[in-house]
Amino acid sequence: MAEFEPKIVAFVCNWCTYAGADLTGTSRIKYASNVRILRFPCTGRIDYMLLLKAFDEGADGIIVSGCHPNDCHYTSGNFHARRRWIMFRSLCDFTGIDTRRIKFSWVSAAEGAKWADIVNTTVASIRELGPYTEYKIVANNPVKEVSHG
Amino acid sequence: MDDLRKRAKELLETSAVKVVIGYEQGTANKTRALFVEKAEDADCLIFDSRCVQNLATYVTKREVKDKGKMAITATLPVMRSIIQLASEFQVNDNNLLVLGITPESKLVEFKNLSEVETFVHQYQIEIDAKNKEMLDKIAKMTQAERWKFWIDELSPCFKCYACRAACPMCYCHRCTVDFNQPQWIPVPSHELGNLEWHIMRAIHLTGRCIDCDACYNACPLAIPINLLTKRMLEDVKINFGSYQPSIKADHLMSTYKPDDKENFIQ
Ligand code: SF4
Ligand code: SF4
């Protein structure tokens, strides 16, 4: 069997992490190609439902990343996001979602090397954890027939 | 509760309010909500330990609100709900009068909502021992056990939304769960959709839920969905300090502090 290749979805903000990831590329830093990057205007726009949908669609791991505190293009989007992440992560943990599979980070437009590192370490840790089978089983369960009689 | 009936009668006779929301005897030894619009009907009002439904859920409903000024029979959880609703601009002194019932079953009438707030703040929101034990038990499980626990507990949910209807804080005209463009949450009763629905519900109530258990009491299948909101309530306390609904406060999830603490962002 071929080695398991984790599917990682990255939700990043336009102004910092996306630009940072761009810098990783233009600096010709090589990093794992398992990541699909989705660009958002701001971390404040990264709805927790989107993260659930990523798992739903078969992601094995998720990266959520944006501007460092005080660097938000819209002043406070990342502060708001941080509060929601705190609560969302705790709820995920309580409901038994594997929070080791969701990585949160701050990566600025100047941190091309940090981005490569975040992706590489995430891919390595997800590779170790294996595919997110638990979630996939539930997501792929057929809808049960209900008899009304 | 003769004084409640008497006061309701007076309020309606003098047209100080147009409707009094309270409880009446229902079927099968249960009580149900009553909307008194005529003074002579006020005699049907009752209050006893069976009256646990959270009546605050009605004050945001068009059919009730449109009648004119409302008076509401309010136990402590109902008063808390009203303060939360006031902070969300859903009720105010012009459209609501509170006939409070203290935990000692005494009637107190409040001149305005800020008096209600002062009263409510005398009491902390405390999770009862039985539920606390359950929360601890779940917290001690491994991640895989928790996953199984919730998938099993939530799988019978058939999305009747009784929990949503019973909750005073679920007053949106269009709920995310009803959206189909895009369809955030699959419609059929299915483990994944059920999990998503309840995660969504708990998140939307984070920092707003006042722990009245109306959702759990309304669920025909007795699914312990209130444990999710209780967990969130505890976490709000841990992360952002104590939690008390306050009229002037910003909603906890739409504000921030630059020094909010977390330990998981790299
Ligand atoms: S979520 Fe449940 S416990 Fe919380 S306010 Fe709504 S009905 Fe009450
Ligand atoms: S009341 Fe119970 S069965 Fe109905 S939607 Fe809520 S949790 Fe599901």
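Here is how names work: the chains are called A, B, and so on, in the same order as the sequence lines, proteins then strands, and each is numbered from 1. Just so it is clear, the structure is predicted and the values come from calculations on it, not from any experiment.
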* Asked: Does any heavy atom of chain B fall under 4.5 Å from the side chain of A/Ile97, the backbone, both, or neither of them?
  -> both
* Given a strict heavy-atom distance threshold of 4.5 Å, which part of B/Leu252 is in contact with chain A: side chain, backbone, both, or neither? -> both
* Structure fact -> Heavy-atom nearest pair, B/Leu227 first then A/Phe94, reads O-CE2, 3.7 Å
* To do: Check whether any side-chain heavy atom of A/Met49 lies under 4.5 Å from a side-chain heavy atom of B/Ile185, and answer yes or no.
  => yes
* Asked: B/Ile151 versus chain A, heavy atoms under 4.5 Å apart: side chain, backbone, both or neither?
  -> side chain
* Mind running side-chain contact (heavy atoms from CB on, under 4.5 Å) on B/Leu195 and A/Val138 for me, showing each step along the way? => CA-CA 10 Å; B/Leu195 179 74; A/Val138 170; over 6 Å; no
* Kindly give the heavy-atom pair with the smallest separation between B/Ile199 and A/Leu52, and that separation in Å. => CG2-CD1, 4.0 Å
At a cut-off of 3.5 Å, what donor and acceptor atoms pair up between chain A and chain B?
unit_1, atom_1, unit_2, atom_2, d
A/Tyr48, OH, B/His204, NE2, 2.9
A/Lys53, NZ, B/Trp184, O, 2.5
A/Lys53, NZ, B/Glu196, OE1, 3.1
A/Lys53, NZ, B/Glu196, OE2, 3.4
A/His80, NE2, B/Ser254, O, 3.3
A/Arg82, NH2, B/Lys257, O, 3.2
A/Arg82, NH2, B/Pro258, O, 2.7
A/Arg83, NE, B/Asp260, OD2, 2.8
A/Arg83, NH1, B/Leu252, O, 2.9
A/Arg83, NH2, B/Asp260, OD1, 3.3
A/Ser90, OG, B/Asp235, OD2, 2.2
A/Asp93, O, B/Arg146, NE, 2.7
A/Asp93, OD1, B/Arg146, NH2, 3.4
A/Phe94, O, B/Trp150, NE1, 3.1
A/Gly96, O, B/Gln143, NE2, 2.9
A/Phe104, O, B/Gln266, N, 2.9
A/Trp106, N, B/Gln266, O, 3.0
A/Lys114, NZ, B/Gln266, O, 3.3
A/Glu134, OE1, B/Gln143, NE2, 3.1
A/Asn141, O, B/His190, NE2, 2.6

